[in-house]
Number of protein chains: 2
Amino acid sequence: MNKPDDGGKSVRRRAGRPLSFDRDEALEQAMLLFWRHGYETTSINDLTRAMRITAPSLYTAFGDKRRLFLEAAQRYAGDPEASAAAIDNAPTACEAARSILQSAVVTFTGETTPRGCLLASATASGSSSAADVQDVVAGYRQHLRERVRARIERDIADKILPTETDAAALAGMVMAVLQGLSVLARDGASRASLSDIVDTALNAWPTARQS
Amino acid sequence: MNKPDDGGKSVRRRAGRPLSFDRDEALEQAMLLFWRHGYETTSINDLTRAMRITAPSLYTAFGDKRRLFLEAAQRYAGDPEASAAAIDNAPTACEAARSILQSAVVTFTGETTPRGCLLASATASGSSSAADVQDVVAGYRQHLRERVRARIERDIADKILPTETDAAALAGMVMAVLQGLSVLARDGASRASLSDIVDTALNAWPTARQS
DNA sequence: CTAGTTTCGTAACGATCGCTATGAATAAAC
DNA sequence: GTTTATTCATAGCGATCGTTACGAAACTAG
């Protein structure tokens, strides 16, 4: 089923037996499992059972465990341009942060998905052999952090925020709260309580008249 | 292996070959390894190499991997009464939170220890078979969270904080920042930058004249 | 000394790890 | 039909997992 991608144009199939499973659905199940149990602590056996395919099918369709995880992480992260646009198009950096954090609260406490954040927990710890995978996931965080920081600096330039605002620290606080929410969600915190935490944290946001 | 306990008084050794290693030092090395690589993603082989003992020695001295980890986590957490007293004896709840977070920043960025927080990362994800260990670690977090919340409510009762202060949300924010700092520290953030994040986050603390 | 107790290193247990060789099965191309 | 290409299920690869049986070694008690 669904070859890599038509790219819009239909490409003639070469030949051979067709895929007997929905690659996209299988990837979804893999993502959910990595989300719940982490990267190294999810076994191929766990994955094949959840994806309802055999090990050879998994390897031909996704390469190996590492690439399957990276693809699942990419699926979890969603379209980077869309999230970047959401940050840039928010009325203020504070509203962008609020949107990021409140959306995260919803995601982290979904009833049909694992709790917490895949990117926060799946590679939070691991053996040395998985260092490269950890680095890729850390890159997702760094990318978001930089985006938020840039958005804050735009508000500083626009006099929405005081000129003495520490953009890096403020962006860092948003990231810290974001990652922390994942832990609290895993610990069983309710959606409402996490939402209150976000509101509380955003009280740290500087206001113009402070300058 | 150490009889129940001396209870402070030296008890006559029963008999048998003496331990050839320092149990406390071995536990320290195990703690550092769990800290760096996590619970399930640290193997017995890794542990025996770092602790410089053989597998049978490990099992006779510490029971099994699970109990070794729990003992290492307890060692990492330190004396619960001491940390509780530090919170209670702080001049204000805000200063208690500042102390917790700034101490964490120092711990999370130590040059001779792994980065981040053992309790935040070692069981951030894991297989179902480690659920009980995850629960114990979550208990450490819940305990601290409750302590902080109680300290905040004391400040509310003492009119140091506005009566409408949401103690649970404020304590939750402290915990979220604490756990988030661990992730940022693992990602390589400097001690100074994390310290700035703490200062920024504490700007969210309510002030009396707001009421 | 001998007897009793505990730890030592070696060596290996069964189970699971990530991964793949192999050949039958199923499709399109000719 | 035959050929060619791809996926299928079975079965198993070597390595590592957590854990332990075993007997020699090292101590105390008598």
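Everything numeric in this text was worked out from a predicted model, so none of it was measured. In what follows, chains carry the letters A, B, and so on, assigned in the order in which the sequence lines appear, proteins first and then strands, with residues in each chain numbered from 1.
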Can you tell whether the side chains of [X] and [Y] come within less than 4.0 Å, N to carboxylate O?
{"X": "B:Arg98", "Y": "B:Asp199", "result": "yes"}
{"X": "B:Glu71", "Y": "B:Arg75", "result": "no"}
{"X": "B:Arg147", "Y": "B:Asp88", "result": "yes"}

Separation of atom [atom1] in [X] from atom [atom2] in [N], rounded to whole Å:
{"X": "B:Ile44", "N": "D:dT16", "atom1": "CD1", "atom2": "C1'", "result": "12 Å"}
{"X": "A:Arg52", "N": "D:dA9", "atom1": "CZ", "atom2": "C1'", "result": "16 Å"}
{"X": "B:Phe69", "N": "D:dG18", "atom1": "CZ", "atom2": "C1'", "result": "16 Å"}
{"X": "B:Phe62", "N": "D:dG18", "atom1": "CZ", "atom2": "P", "result": "16 Å"}
{"X": "B:Ile53", "N": "D:dG18", "atom1": "CD1", "atom2": "P", "result": "14 Å"}
{"X": "A:Leu58", "N": "D:dA9", "atom1": "CG", "atom2": "C1'", "result": "15 Å"}
{"X": "B:Lys65", "N": "D:dT19", "atom1": "NZ", "atom2": "P", "result": "8 Å"}
{"X": "B:Leu19", "N": "D:dT28", "atom1": "CG", "atom2": "P", "result": "13 Å"}

Could you check whether [X] gets within reach of a base, just the sugar-phosphate, or nothing at all, counting any heavy atom under 4.0 Å?
{"X": "B:Ala55", "answer": "base"}
{"X": "A:Thr42", "answer": "sugar-phosphate"}
{"X": "A:Ser43", "answer": "sugar-phosphate"}

Intermediate values then yes/no, side-chain hydrogen bond (donor to acceptor under 3.5 Å, both in side chains), B:Gln29 and B:Glu25: CA-CA 6 Å; B:Gln29 295 303 322; B:Glu25 172 61 20; 2.8 Å; yes
Closest-nucleotide ordering on DNA chain C, the 5'-leading residue of B:Phe21 and A:Asp64: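 Per heavy-atom nearest nucleotide, the more 5' residue is B:Phe21.
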Tell me which nucleotide among [options] gets nearest to the side chain of [X].
{"X": "A:Asn45", "options": "D:dC8, C:dC17, D:dT19", "value": "C:dC17"}
{"X": "B:Arg17", "options": "D:dA25, C:dT26, C:dA21", "value": "D:dA25"}
{"X": "B:Ala15", "options": "C:dG4, D:dT7, C:dC8", "value": "C:dG4"}

Steps toward side-chain hydrogen bond (donor to acceptor under 3.5 Å, both in side chains) verdict (B:Ser193, B:Asp196): CA-CA 5 Å; B:Ser193 70; B:Asp196 290 345; over 6 Å; no
Using OP1 and OP2 only, check whether a side-chain N or O of [X] sits under 4.0 Å from [N].
{"X": "A:Tyr59", "N": "C:dC19", "result": "yes"}
{"X": "B:Ser20", "N": "C:dC8", "result": "yes"}
{"X": "A:Thr54", "N": "D:dC8", "result": "no"}

